[in-house]
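To start, the structure itself, in structure tokens.
Here is the naming used below: chain letters follow the sequence lines, and residue numbers restart at 1 for every chain. For the numbers below, each heavy atom of this structure counts, side chains included, while hydrogens, waters and symmetry mates do not.
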Amino acid sequence: GQQVMQIPQYQHVQEGEDFTTYCNSSTTLSNIQWYKQRPGGHPVFLIQLVKSGEVKKQKRLTFQFGEAKKNSSLHITATQTTDVGTYFCAGQGKFYFGSGTKLNVKP
Amino acid sequence: NAGVTQTPKFQVLKTGQSMTLQCAQDMNHEYMSWYRQDPGMGLRLIHYSVGAGITDQGEVPNGYNVSRSTTEDFPLRLLSAAPSQTSVYFCASSQTEYNSPLHFGNGTRLTVT
């Protein structure tokens, strides 16, 4: 069946460094959503991408949807300790979640 | 506005016991779903519903039952608990099945011994 793969599984960065997580699907996605889960918390919706090649920004976060609508990325510029958590992508009507990238930021 | 409310927060069961995880939302959302979260596995969809009276299976439905008699409530039943069902369970709702964000409950941490 369809799967959404997410890499890397873990990322440790020094505060101020950049961070990127990638989401790849074996099939074309109608849309992709990104969520953030703080340690001990529940996933919280960040953004949705729908159009091929779409780029959206939220302050230090940049989200991209690939031209073929099979991959997506989340880039954080100059990480802060408040960015700590696990970032998930979800494709095709929230049916398939990626396994998540756990981000740790050292102050 | 309470959003999505899950009960209980924690539960310990013995193998073979049954129980119901409760989920209620007050946002008049049509779509509701249950996920389980295991370390390194992300969120896996168990069952979902696109409206009252309609339910369907997700990726990992075995061992679980659901019903949707009202728009607000979407309980998840474990028929005969197994250690493999030890997990964190999240209920989530959204306005529609597609193109709308999921709102998650705080989760239920279930341990089966």
Side-chain angles (χ1 to χ4, degrees), chain A residues 1-11 21-51 54 56 58 63 65 69 72 74 85-104, chain B residues 2-10 21 23 25 27 29-51 54-62 74 87-110:
Chain A
Q2 180 181 30
Q3 285 189 341
V4 174
M5 309 300 292
Q6 198 171 345
I7 55 170
Q9 193 173 1
Y10 301 98
Q11 186 80 56
T21 175
Y22 301 91
C23 193
N24 298 297
S25 169
S26 55
T27 59
T28 302
L29 300 171
S30 59
N31 61 58
I32 197 156
Q33 296 177 346
W34 285 92
Y35 294 80
K36 176 184 178 181
Q37 184 177 25
R38 294 183 189 274
H42 59 272
V44 174
F45 174 77
L46 293 176
I47 210 159
Q48 176 172 277
L49 304 171
V50 178
K51 299 177 185 175
E54 190 170 13
K56 286 188 176 180
Q58 287 180 350
F63 304 84
F65 201 9
K69 299 182 75 173
S72 181
L74 158 58
T86 301
Y87 293 84
F88 293 98
C89 59
Q92 213 70 350
K94 294 94 65 171
F95 204 95
Y96 294 104
F97 270 77
S99 53
T101 296
K102 190 172 183 179
L103 173 64
N104 187 35
Chain B
V4 179
T5 303
Q6 282 185 244
T7 56
K9 289 187 179 180
F10 301 95
L21 278 63
C23 176
Q25 53 92 8
M27 297 172 282
H29 284 170
E30 289 299 318
Y31 181 84
M32 295 187 75
S33 53
W34 278 101
Y35 293 88
R36 60 176 289 173
Q37 185 173 34
D38 303 296
M41 300 288 288
L43 292 149
R44 291 184 292 169
L45 183 64
I46 304 171
H47 286 284
Y48 65 98
S49 168
V50 298
I54 305 168
T55 63
D56 208 343
Q57 295 181 351
E59 196 180 352
V60 288
N62 292 341
F74 191 45
S87 188
V88 179
Y89 292 85
F90 288 101
C91 178
S93 73
S94 62
Q95 199 161 10
T96 59
E97 184 177 1
Y98 295 102
N99 294 336
S100 59
L102 279 170
H103 298 257
F104 283 83
N106 288 332
T108 296
R109 187 173 293 274
L110 174 68

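- If you measure heavy-atom distances from A/Gln37 to chain B, the contacts under 4.5 Å come from the side chain alone.
- Remark: side-chain polar atoms of B/Tyr98 are not paired, donor with acceptor, to backbone N or O of A/Ser30 under 3.5 angstrom.
- Proximity to chain A involves both the backbone and the side chain of B/Phe104, based on heavy atoms less than 4.5 angstrom apart.
- Side-chain contact check for A/Pro43 versus B/Leu43: some heavy-atom pair is nearer than 4.5 Å.
- Of the listed residues (B/Ala92, B/Gly42, B/Ser33), the one with the most heavy-atom contacts under 4.5 Å to chain A is B/Gly42.
- Counting all heavy atoms, side chain and backbone alike, A/Phe45 lies closest to B/Leu102 at CB-O, 4.1 Å.
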What verdict does the side chain to side chain contact (heavy atoms under 4.5 Å, CB included) test give for A/Phe88 and B/Gln37, after you've listed the backbone C-alpha separation in whole Å, the side-chain angles of each residue and the deciding distance to 0.1 Å? CA-CA 12 Å; A/Phe88 293 98; B/Gln37 185 173 34; 3.3 Å; yes
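- A side-chain contact (heavy atoms from CB on, under 4.5 Å) with A/His42 is found for one member of B/Val4, B/Val88, B/Asn106 and no other, namely B/Asn106.
- Residue A/Gln58 qualifies as enclosed at atom CD: its count of foreign heavy atoms under 6.0 Å is above 12.
- In this structure a side-chain-to-backbone donor-acceptor pair under 3.5 Å is missing from A/Gln33 to B/Asn99.
- For NZ of A/Lys36, the number of neighbouring non-hydrogen atoms (other residues, nucleotides, ligands) closer than 6.0 Å is greater than 12.
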